[in-house]
Amino acid sequence: MRFKKIAALVHLWAGLLIGSLIVVISITGCINVFNTELFDFFHRDLVSVKAEQTTPLSLSALSEIAAKALPEGNKITGIEISAADKSYVFIAQQADKKPTGISYFDQVKYYRKVYVNPYNGVVLGQINAKYEFFNVVLYLHRYLLLKKEIGGQLTGIATLLFLLLLLTGLIIWLPKKIRNLRKKLKINFSGKFKKLNHQLHTVFGIYVLPFALVIVFTGLTWAFQWWETGMLKALGGKTRVKLANVQPVPALLPLHGLALDQALLSLMKEAKGNYETIGIAIPSETAKSASAYMIMKDSGDAWLGMNYYSIDQNTGAIFDRITHSDKAMAMKWRNSNEAIHTGRIYGWPSQILAFFASFICATLPVSGFLIWLRKRKKPALQN
């Protein structure tokens, strides 16, 4: 009994402390579950292209076209290529290493995306992603629109306290007798608001608990290094496996021209048609190698299939790789972490599940606050 009282006290004060943050993080999480689908829907003119019989233009030629469309001083740092009938996306992004302010907008120097039809080289348009709605929602979710070093710690602490809320909520809810278990899993929608609100808080909290724990466990991976390391060790790994990122021979210029075309050709040979997205990251430091990732259509198992490559900026040749088939389970989990967190791991069914789980998590601080508010008003009403 005393243990339950302590749990209730911890539950109350942790909820009051971070309740509003959990609402923000959860609501933005709901949007992020479907951010790609929503973006593609609202920007069909940028994203969709009609597949033609001719082969796409060379990546180097398309890159030059995209570079000319960018404002002066903005340099292409990444390229995204989709297997579907979509435009190629050329990304120009740079962070301010010593921002004067503490907000996300202070830290991002520029972040633009240029959408190009790969078959005819027509620039379909560009977006200033620094202020684009879904990107702002993402950074609100991850960092509360603060710079990464501050916002990441705040959301991490809030998530840890939310984990404490979930566990103490379970302790408070547990019935004294097993025969009362079924009763505590039902909601009486015909009752008064006070009772209904209490049942919505407790019963929905129990139903969402396993899904909320998955969201919390995967979310904490980005917030704290010790959490990520602990999860890797728990799954049989020691640390995250990393690619070699130093050039075999220092490059004179970042990946471009024939070397860029060769890089895409090498990646296409590796894919053998089994890919959804290929991404190429081009660093400004010529001592570092370029890198690439590949999201597979069929991984051959229950994990998200992702391959990673190191690319020589001089020649476009692949000189190091981490393929999905060669990964231990710990690395397969780490590379699937974001897909599990957002529900994308198994497509629409798991996304819908993640959406409703996030939505219910957003309601819990609200219903909990109303319970606390009514209890505070009781003495005043009696006097």
Side-chain angles (χ1 to χ4, degrees), residues 1-27 29-30 153-189 191-224 226-231 233-235 337 340-341 343 353-379:
M1 191 70 178
R2 189 179 177 185
F3 185 56
K4 276 200 171 188
K5 285 184 178 180
I6 294 171
L9 193 64
V10 172
H11 191 81
L12 169 64
W13 288 106
L16 291 174
L17 183 64
I18 59 141
S20 57
L21 287 180
I22 295 304
V23 172
V24 171
I25 293 169
S26 298
I27 290 296
C30 288
Q153 290 297 303
L154 285 175
T155 54
I157 292 168
T159 307
L160 272 177
L161 288 174
F162 185 55
L163 176 59
L164 186 63
L165 280 169
L166 293 171
L167 297 177
T168 51
L170 174 62
I171 293 168
I172 297 165
W173 173 86
L174 283 172
K176 292 179 182 179
K177 297 179 181 179
I178 297 296
R179 65 171 177 264
N180 295 329
L181 189 64
R182 184 179 294 182
K183 186 179 178 181
K184 297 200 76 171
L185 288 171
K186 289 183 179 180
I187 299 175
N188 181 12
F189 287 98
K192 292 183 179 180
F193 176 77
K194 176 185 174 182
K195 188 174 182 180
L196 176 61
N197 181 67
H198 191 277
Q199 288 179 334
L200 288 173
H201 183 77
T202 55
V203 178
F204 274 4
I206 291 302
Y207 283 140
V208 82
L209 180 62
F211 307 106
L213 287 175
V214 171
I215 293 171
V216 166
F217 273 60
T218 50
L220 286 171
T221 302
W222 293 297
F224 302 114
W226 56 266
W227 184 276
E228 179 188 27
T229 303
M231 289 291 291
K233 287 182 178 179
L235 293 169
N337 188 70
I340 297 169
H341 185 73
L353 200 60
F355 175 86
F356 281 109
S358 296
F359 181 76
I360 292 171
C361 286
T363 68
L364 294 178
V366 178
S367 56
F369 180 76
L370 292 175
I371 292 169
W372 173 76
L373 205 60
R374 289 188 70 89
K375 285 183 178 180
R376 276 179 59 86
K377 287 182 177 179
K378 267 187 177 181

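All values below were derived from every heavy atom in this structure, side-chain atoms included, with hydrogens, water molecules and symmetry-related copies excluded.
- Atom CD1 in I172 sits 9.5 Å away from atom CG in L9 (nearest 0.5 Å).
- Contact of the L165 side chain with the I18 side chain is registered, since non-hydrogen atoms from C-beta on lie closer than 4.5 Å.
- Partners of W13 by ring pair (Phe, Tyr, Trp, His ring centres under 6.0 Å), not counting sequence neighbours: none found.
- Looking only at side-chain heavy atoms (C-beta outward), I187 and L200 come within less than 4.5 Å of each other.
- Here the straight-line distance linking atom CG of L166 with atom NE2 of H11 works out to 8.5 Å at 0.5 Å rounding.
- L21 is not listed as a side-chain neighbour of F162, based on a closest heavy-atom distance of 4.5 Å or more.
- Shown here for A7 and T168, the closest heavy-atom pair between the two residues is O-CB, 3.6 Å.
- Ring pair F359/F355 is parallel by interplanar angle, where below 30° counts as parallel and above 60° as perpendicular.
- Contact check for Q199 versus N188: side-chain heavy atoms found under the 4.5 Å cut-off.
- The line from OG of S367 to CD1 of I360 is 10.5 Å long, rounded to the nearest 0.5 Å.
- Residues L213 and L163 meet the side-chain proximity criterion, which asks for heavy atoms closer than 4.5 Å.
- Nearest approach of A362 to V366, heavy atoms of both residues: O-CG2, 3.8 Å.
- One distance of note links CD1 of I206 with CG of L170; it measures 5.0 Å at 0.5 Å rounding.
- Within 6.0 Å of the NZ atom in K233, the count of heavy atoms belonging to other residues, nucleotides or ligands does not exceed 12.
- Looking at every heavy atom in both residues, K186 comes nearest to V203 through O-CG2, 3.6 Å.
- Residue pairs meeting the ring-ring contact (aromatic ring centres under 6.0 Å, His included) criterion with at least one member in residues 196-224, sequence neighbours excluded: F217-W227, W222-H341, F224-W226.
- With sequence neighbours excluded, no residue forms a ring pair (Phe, Tyr, Trp, His ring centres under 6.0 Å) with F356.
- The shortest side-chain heavy-atom distance between I22 and L161 does not fall under the 4.5 Å cut-off.
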